[in-house]
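Data first, discussion second: the structure below is written as C-alpha cells.
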Amino acid sequence: MKIATWNINGVKARIEALTAWLREASPDLVCLQEIKSVDEGFPRLEIESLGYNVATHGQKGFNGVAILSKLPLEDVTRGLPGDPTDEQARYIEAVVSVGPRVLRVGGLYLPNGNPLGTEKFPYKLAWMRRLEQHAAERLAYEEPFVLMGDYNVIPDPIDARRPDAWLGDALFQPESRQAYRRLLALGFTDAVRATTEAQVFTFWDYQAGAYQKNDGIRIDHVLLSPQAADALVGVHIDSHVRGWDKPSDHVPVVVELAL
DNA sequence: ATGGCCGGCGCAGCCGGA
C-alpha cells in the first residue's frame, strides 16, 4: 500500500491541488498537516467523493491535522498525550486493517519553535519529549507503525541546501536534532534516509525564488517501526507538486509498503 | 548584488509560518 504525508498549508486554499494530487498519485492513506480549519470547515465531501474516509483534528486558523484513507479508519485518537493543557491540534492517530494485518499511523505537525529565545522553542522541545514517550509506548505493540508528518527538524547538514543559513533557526538547533535522533534511537527507520544518500528536499520557502534555486530543506519525515520497515518497498518525494499553481510550500512524501 | 511570500481572519493589517 501507498501511504503519504503532506503539509498542505491550508486546506481551503489547497483543495484544488489536493484533489488533483489525490487523483494523480492515488495514495491509500495520507496524513495532512496545517489544514488551518476547524473540523466542520474541512472539505470532507470533495475528498470522500474520491473514495477516502476522512478523520480530522482541526482548530481555528492555525495548525490542524487529518488522515485520509481508502480503508476504514479505526480507533481514531486526537491530540498528543502528556499535556492536557496543550490546546494545539498537532497529532492524530488511527489504525487501518490490511487484510489480516493492521497498520497504525500517527500523523504529526511538530511545533516550529521559532523564534529562539521565546517560549516557542521550549514548547517544541517539550512536545518532542512527549512524542518520544508516546512513540515508545506504541513501539511496544510490535506492530507495523508509521509516524509521519512535518517534523520541523532538519536532521543533518545534508538536509539543507544552505545549512549555514539555518544555524540560528529552531529547525536546525542541536537540541532539535538530538531529540529527532532520540526518536530514531527508539527503533524507527527514517524511510527517506534508508533508501537514498542523496540530498533531497520536502520544503522550499515561498520567498526569494527558493524552489527555482532548489534552496530547500528536508523536514517532512516518515518514520517506520521495525515491523513497518520490514515491509518497506520504496520512497518517493513528489517534488513536482511544488511547481503547480498555488502550491503549498511543502510537497508530499510517499512510501510504498508491502502490506 | 539584493530582495523577493503566503494563508487565515475578516475587511486592515497583523500573526504565524520556516
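Within every chain, numbering begins at 1; the chains are lettered A, B, ... in the order of the sequence lines, protein sequences first and strands thereafter.
Rounded to whole angstrom, the span from the CG atom of D215(A) across to the P atom of dG3(B) amounts to 15 Å. For D220(A) and dA18(B), the CG to P distance is 9 Å, given to the nearest whole Å. One atom, NE2 of H221(A), and another, P of dA18(B), lie 12 Å apart when rounded to the nearest Å. Atom NZ in K60(A) sits about 10 Å away from atom C1' in dG8(B), given to the nearest Å. Counting to the nearest Å, the P atom of dG7(B) and the CG atom of D245(A) are 12 Å from each other. The separation between K213(A) atom NZ and dG3(B) atom P is 11 Å, rounded to whole Å. Computed from coordinates, the W166(A) CH2 to dA18(B) P distance equals 9 Å when rounded to whole Å. For the pair F203(A) CZ and dG7(B) C1', the interatomic distance rounds to 13 Å; values are reported in whole Å.
Taking Ile, Leu, Val, Met, Phe, Trp and Tyr as members and joining any whose side-chain heavy atoms lie under 4.5 Å apart, directly or through other members, the hydrophobic cluster of F172(A) also contains I154(A), W166(A), L167(A), L171(A), F203(A), I217(A), I219(A).
Using atom P as the reference point in both dG8(B) and dG4(B), the two lie 23 Å apart (nearest Å). Nucleotides dC5(B) and dA18(B) place their C1' atoms 11 Å apart, quoted to the nearest Å. Only the P atoms considered, dG10(B) is 16 Å distant from dC14(B), to the nearest whole Å. Nucleotides dC11(B) and dC15(B) are separated by 16 Å at their P atoms, to the nearest Å. Taking atom P in both dC6(B) and dT2(B), the straight-line distance is 22 Å, to the nearest Å.
A side-chain donor from one of T56(A) and D39(A) sits under 3.5 Å from a side-chain acceptor of the other. Residues N9(A) and K36(A) have side chains that bring a donor and an acceptor to within less than 3.5 angstrom of each other. In summary, the side chains of R138(A) and Y141(A) do present a donor paired with an acceptor at a separation below 3.5 Å, with no hydrogens or angles considered.
For dG7(B), the base has no donor-acceptor partner in the side chain of K246(A) [N/O atoms by modelled type, under 3.5 angstrom].
For W244(A) and W21(A), the distance between ring centers is not under 6.0 angstrom.
With sequence neighbours excluded, no residue forms a ring-ring contact (aromatic ring centres under 6.0 Å, His included) with H236(A).
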Restricting to nitrogen or oxygen on both sides, can you table the protein-nucleotides 12-17 of chain B pairs closer than 3.5 Å?
| unit_1 | atom_1 | unit_2 | atom_2 | d |
| --- | --- | --- | --- | --- |
| dG17(B) | OP2 | K120(A) | NZ | 3.2 |

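DNA chain B is contacted by both A208(A) and K12(A); A208(A) maps to the nucleotide lying nearer its 5′ end (nearest heavy atom per residue).
Between Y52(A) and P27(A), the shortest heavy-atom distance links the atoms OH-O, 2.6 Å.
Here A13(A) lies in heavy-atom contact (under 4.0 Å) with sugar-phosphate atoms only.
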